[in-house]
Protein chains: 2
Amino acid sequence: MSELHQIAATRLGAIRQRYTDGRRSLVDRLSAAGAPVTIPELLSLGDEPMAQSSAYRNLAVLEQAGVVHRITASGDFARFELAEDLTEHHHHLICSSCGAVEDFTAPAALERTLTKAVDDIAAARGFDARQHRLDLIGVCGNCT
Amino acid sequence: MSELHQIAATRLGAIRQRYTDGRRSLVDRLSAAGAPVTIPELLSLGDEPMAQSSAYRNLAVLEQAGVVHRITASGDFARFELAEDLTEHHHHLICSSCGAVEDFTAPAALERTLTKAVDDIAAARGFDARQHRLDLIGVCGNCT
DNA sequence: CTTCCTGCAAAAGTTTTGCATTAAC
DNA sequence: GTTAATGCAAAACTTTTGCAGGAAG
């Protein structure tokens, strides 16, 4: 059992949820995708078929457990990816033309600056910042 | 006629669209709101009633014209605000508990660092970056 | 054996579209 | 006078929910 699945199982257990085949399969599919994917993509991705309702329900559970993160890049469908602490902290290149989303990582120095600045601002506003989100919107290589 | 409306009229004209009362009213409502608002909020905000379908259609036109920006903060409804160059470049504090969105501006030094770093990264990936988006997700003062 | 996850189908809720009328150019 | 925007209602589409059957603890 890979470390990824162990962590997932632990986090589900923490909120008294089971790590079933369907949920494991979702984690596998997300891990294989390596980038945020939509539900239709998730359904077509795997080897075994999966009910759409189960995907929605289980992704909600996995999100509550902190295993999966839901992002809403402008587009028809919401997109899902593994939680940041299961991959590595990263950001998104969002193509405003085709809706594709790519990951990128920022230099550590930038991240440090960002985190500090952002925490200061939030604190001054009585806001308890849990995470930041830095996305680039533009046009990807395929669409130019 | 305020400068805001002049700019809106010009940009609509550039894509051969009219600046009608309904569209002017949307710009007014967005300007009055001062923060990203949902369509139901927009409809209830104004003095005169407005058809939901007109709101959706006109916001789409205004977005194409570059007058309005659509953000999809996780929540049921999409939110709309005036384009950044009609207000001032800013970011969002998004409450993951109640879905409220607040604006904030970052220190100029941080913005410079951010813009440069972000352009470099995008360029290296063959991505034509048009704008960046920096949001803080956390819990607002009302929800703690 | 009890609890809860799964899959199917139907409902709910947000956004889009057709069509006749009205307003803008 | 021609072209396009408005409002109403209905359709489309994403996401959620009820329910019966089956798997997990």
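Just so you know, these numbers use all the heavy atoms, side chains as well, and skip hydrogens, waters and symmetry mates. Within every chain, numbering begins at 1; the chains are lettered A, B, ... in the order of the sequence lines, protein sequences first and strands thereafter.
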### Task
Would you mind telling me which of D:dA24, D:dA4, D:dT14 lies closest to the side-chain atoms of A:Asp76?
D:dT14
### Output field: ring centroids B:His132/B:His89 closer than 6.0 Å
yes
### For atom OH of A:Tyr19 and atom P of D:dG25, their distance in whole Å
13 Å
### Query
Over how many whole Å does the gap from B:Leu62 atom CG to D:dA5 atom P extend?
11 Å
### Task
Measure from CZ on B:Arg70 to P on C:dT14 and round the result to the nearest Å.
13 Å
### Task
Select from A:Gly22 and B:Ala78 the residue whose nearest nucleotide in DNA chain C is closer to the 5' end of that strand.
A:Gly22
### Query
OP1, OP2 of C:dT6 versus side-chain N and O of A:Thr20: anything below 4.0 Å?
yes
### Message
Let me spell it out: for each of B:Arg18 and B:Ile39, pick the nucleotide of DNA chain C with the closest heavy atom. Which residue's pick is nearer the 5' end?
### Response
B:Ile39
### Query
Rounded to the nearest Å, what distance is computed from the CG atom of residue B:Asp21 to the P atom of nucleotide D:dA4?
19 Å
### A:Tyr56 reachable from A:Leu26 in the ILVMFWY side-chain graph, under 4.5 Å edges
yes
#### Entry: Protein-nucleotide distance (A:Gln64, atom CD; C:dC4, atom P), rounded to Å
14 Å
### Query
Are A:Tyr19 and A:Ile7 connected, step by step, through hydrophobic side chains (Ile, Leu, Val, Met, Phe, Trp, Tyr) whose heavy atoms are closer than 4.5 Å?
yes
Atom pairs, N/O to N/O, protein against nucleotides 17-21 of chain C, distance under 3.5 Å?
unit_1 : atom_1 : unit_2  : atom_2 : d
C:dG18 : O6     : B:Arg57 : NH2    : 3.1

### Message
So if I take every side-chain heavy atom of A:Arg23 and compare against C:dC5, D:dT16, C:dT16, which nucleotide ends up nearest?
### Response
C:dC5
### Query
Other than B:Leu110, what residues sit in its cluster of Ile, Leu, Val, Met, Phe, Trp and Tyr side chains whose heavy atoms are under 4.5 Å apart, directly or through others?
A:Leu93, A:Phe104, A:Leu110, A:Leu114, A:Val118, A:Ile121, A:Phe127, A:Leu134, A:Leu136, B:Leu93, B:Phe104, B:Leu114, B:Val118, B:Ile121, B:Phe127, B:Leu134, B:Leu136
### Message
One thing to verify: whether B:Arg23 and B:Asp21 come together as a salt bridge, which I'm taking to mean a side-chain N less than 4.0 angstrom from a carboxylate O.
### Response
no
### Query
So how far is it from A:Ile15 CD1 to A:Leu62 CG, rounded to the nearest 0.5 Å?
8.5 Å
### Candidates D:dA5, C:dG7, D:dA24 - which lies nearest the side chain of A:Ala51
C:dG7
### Message
Checking contacts here: which listed nucleotide (C:dT14, D:dG7, C:dT6) is nearest the side-chain heavy atoms of A:Ser54?
### Response
C:dT6
### Query
Taking atom P of C:dC5 as reference, at what distance in whole Å does atom CE of A:Met50 sit?
14 Å
### Task
Grab the CG-P distance between A:Asn58 and D:dA24 for me, whole Å please.
13 Å
### Query
Looking only at side chains, do A:His69 and A:Glu81 share a donor and an acceptor under 3.5 Å apart?
no
### Query
What integer distance in Å separates A:Gln52:CD from C:dT6:C1'?
14 Å
